[in-house]
Peer 1: 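Dropping the structure in here first, questions after.
Since this is a predicted model, take the numbers as computed values, not measurements. Letters go in sequence order (proteins before strands), and every chain restarts at 1. Side chains are part of it too, since the values below use all heavy atoms of this structure and drop only hydrogens, waters and symmetry mates.
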Amino acid sequence: MGIKKLESDFYLRTNVLQITSELIGKFLVTNIDGQLTSGMIIEAEAYNGVIDKASHAYGGKRTKRNEIIYADGGTSYVYLCYGIHHLFNVVTNKKDTPHAILIRGVVPVDGIDAILERRMQDTVSKKTASGPGTLSVALGINTSHSGLSLDDNQIWLEDRGIVFKKKDILTSPRIGVDYAGEDAKLPYRFRLNEDIIKDFYKK
DNA sequence: ATACCGATTAACT
DNA sequence: GTTAATCGGTATA
């Protein structure tokens with residue numbers, strides 16, 4: 001057991017689907033604005049680089065915004081969606097192989113007071129950090145954090161020894177990527193069984 | 001300079 | 001189940 005910060009050997013691997021499944025049960029931790037906050041990852045989606053029509057890097061496209069996806073694994077990629085929502089991604093694989101994982105939901109764990117203040121809520125519920133936009137608000141993440149190394153002391157991931165059974169990690173098509181044609185159907189979304197998630201909110 | 005649109009959310013019925 | 005809100009990024013000229 002114990003707490004182990006994930007290092008580049010974890011992020012530099014080539015199988016983004018494998019890494020995405022392993023992220024369920026890991027902890028996303030931030031130390032932003034003097035507040036230490038964290039959440040356990042319960043949902044994430046894989047974006048498989050230049051061959052994935054749903055990826056910002058499809059076809060090898062490079063723009064000022066998506067340039068970060070081409071960085072080495074272990075880098076934070078945060079971008080603005082619908083003009084309002086800051087979506088946090090983990091870049092994986094080696095430099096110039098633009099794999100990324102969108103973190104879509106966490107269960108709040110550390111710094112609950114700060115999280116509730118940021119979300120302007122009184123109590124923790126499933127709504128506090130269960131979407132890609134809301135978890136960024138909860139943990140204080142915004143586009144200014146894009147390009148940061150996850151080895152930095154502002155945003156990082158931890159393994160706290162929690163392991164779920166394979167059957168409790170469900171796969172399904174990704175959300176909001178209908179424009180990606182055939183690739184919209186790929187089972188690249190990973191999430192924890194709802195019954196197990198409920199137990200974490202009871203604690 | 002201008003036009004289009006999205007890896008979403010919250011508040012509805 | 002439906003839908004309005006909202007604006008930076010991107011492409012096109």
Peer 1: If only side-chain N and O atoms count, and only distance matters, is there a donor-acceptor pair under 3.5 Å linking A/Arg118 with A/Thr37?
Peer 2: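 Note: A/Thr37 and A/Arg118 side chains meet the donor-acceptor criterion.
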
Peer 1: Quick one: closest heavy-atom pair of A/Thr128 and A/Ala138, and the distance?
Peer 2: O-CB, 4.0 Å

Peer 1: I'd like a table of atom pairs between the protein and nucleotides 10-13 of chain B - only N or O on both sides, under 3.5 Å - with the distance next to each one.
Peer 2:
unit_1, atom_1, unit_2, atom_2, d
B/dA10, OP1, A/Arg119, NH1, 3.3
B/dA10, OP1, A/Arg119, NH2, 3.4

Peer 1: When you measure from every atom of DNA chain C, which of residues 169-183 of chain A have a heavy atom less than 4.0 Å away?
Peer 2: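 Heavy-atom cutoff 4.0 Å gives no residues at all.
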
Peer 1: Check side-chain hydrogen bond (donor to acceptor under 3.5 Å, both in side chains) between A/Asn48 and all other residues, then give those that pass, not counting sequence neighbours.
Peer 2: A/His99

Peer 1: Would you please determine if the base of B/dA7 is stacked by A/Tyr47, with stacking meaning a centroid separation under 5.5 angstrom and planes under 30 degrees?
Peer 2: yes

Peer 1: Take nucleotides 8-13 of chain C nucleotide by nucleotide from the 5' end and write B, S or -, depending on whether a protein heavy atom sits under 4.0 Å from the base, only from the sugar-phosphate, or from neither.
Peer 2: SSSS--

Peer 1: Given atom CD of A/Glu43 and atom C1' of B/dT8, what is their separation to the nearest angstrom?
Peer 2: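 These atoms are roughly 12 Å apart.
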
Peer 1: Look at the side chain of A/Arg119 and the backbone N and O of A/Ala114, then say whether any donor-acceptor pair between them is shorter than 3.5 Å.
Peer 2: no

Peer 1: If you compare all heavy atoms of A/Phe88 against all heavy atoms of A/Val90, which two are closest, and at what distance to 0.1 Å?
Peer 2: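 Here A/Phe88 and A/Val90 meet closest at CE2-CG2, 3.8 Å.
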
Peer 1: My understanding is that only residues two or more places apart in sequence, or in another chain, count here; which of them pass ring pair (Phe, Tyr, Trp, His ring centres under 6.0 Å) with A/Tyr79?
Peer 2: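 In terms of ring pair (Phe, Tyr, Trp, His ring centres under 6.0 Å), with neighbours along the sequence ignored, A/Tyr79 is linked to A/His56, A/Tyr77.
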
Peer 1: Please name the pair of heavy atoms, one in A/Ala44 and one in A/Ile101, separated by the smallest distance, quoted to 0.1 Å.
Peer 2: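 Heavy atoms of A/Ala44 and A/Ile101 come nearest at CB-CG2, 3.9 Å.
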
Peer 1: What are the atom names and distances for every N/O pair under 3.5 Å that joins the protein to nucleotides 2-5 of chain C?
Peer 2:
none

Peer 1: Rounded to the nearest 0.5 Å, what separates atom OH in A/Tyr201 from atom OG1 in A/Thr123?
Peer 2: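 A/Tyr201 OH to A/Thr123 OG1: 11.0 Å, rounded to 0.5 Å.
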
Peer 1: Between P on B/dT9 and CE on A/Met120, what's the gap in Å once rounded to a whole number?
Peer 2: 15 Å

Peer 1: Can you get from A/Ile112 to A/Val29 by hopping between Ile, Leu, Val, Met, Phe, Trp and Tyr side chains that sit under 4.5 Å apart?
Peer 2: yes

Peer 1: NZ/A/Lys26 to CG/A/Leu157 distance, rounded to the nearest 0.5 angstrom?
Peer 2: 9.0 Å

Peer 1: Give me the stems containing DNA chain B, sorted by first residue, counting only three or more consecutive Watson-Crick or G-U pairs with both distances under 3.5 Å; say none if there aren't any.
Peer 2: B:1-6 with C:7-12, B:8-12 with C:1-5

Peer 1: Distance check: side-chain N/O of A/Arg189 vs OP1/OP2 of B/dA7, anything under 4.0 Å?
Peer 2: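 Checking B/dA7 against A/Arg189, no side-chain N or O comes under 4.0 Å of OP1 or OP2.
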
Peer 1: Compile the donor-acceptor pairs under 3.5 Å between side chains in residues 177-184 of chain A and protein atoms, sequence neighbours left out, one pair per line.
Peer 2:
unit_1, atom_1, unit_2, atom_2, d
A/Tyr179, OH, A/Ala54, O, 3.3
A/Glu182, OE2, A/Lys185, NZ, 3.4
A/Asp183, OD2, A/Lys53, N, 2.8

Peer 1: Taking salt bridge (Lys or Arg N to Asp or Glu O under 4.0 Å) as the cut-off, I'd like each qualifying pair that reaches into residues 162-177 of chain A, sequence neighbours left out, listed once.
Peer 2: A/Asp52-A/Arg174

Peer 1: Considering only Ile, Leu, Val, Met, Phe, Trp and Tyr, and joining two whenever side-chain heavy atoms are under 4.5 Å apart, list the other residues clustered with A/Val50.
Peer 2: A/Ile51

Peer 1: Residues two or more places apart in sequence or in another chain: which of them pass side-chain hydrogen bond (donor to acceptor under 3.5 Å, both in side chains) with A/Ser144?
Peer 2: A/Asn142

Peer 1: Go through the structure and list residues passing side-chain hydrogen bond (donor to acceptor under 3.5 Å, both in side chains) with A/Ser38, not counting sequence neighbours.
Peer 2: A/Asp110

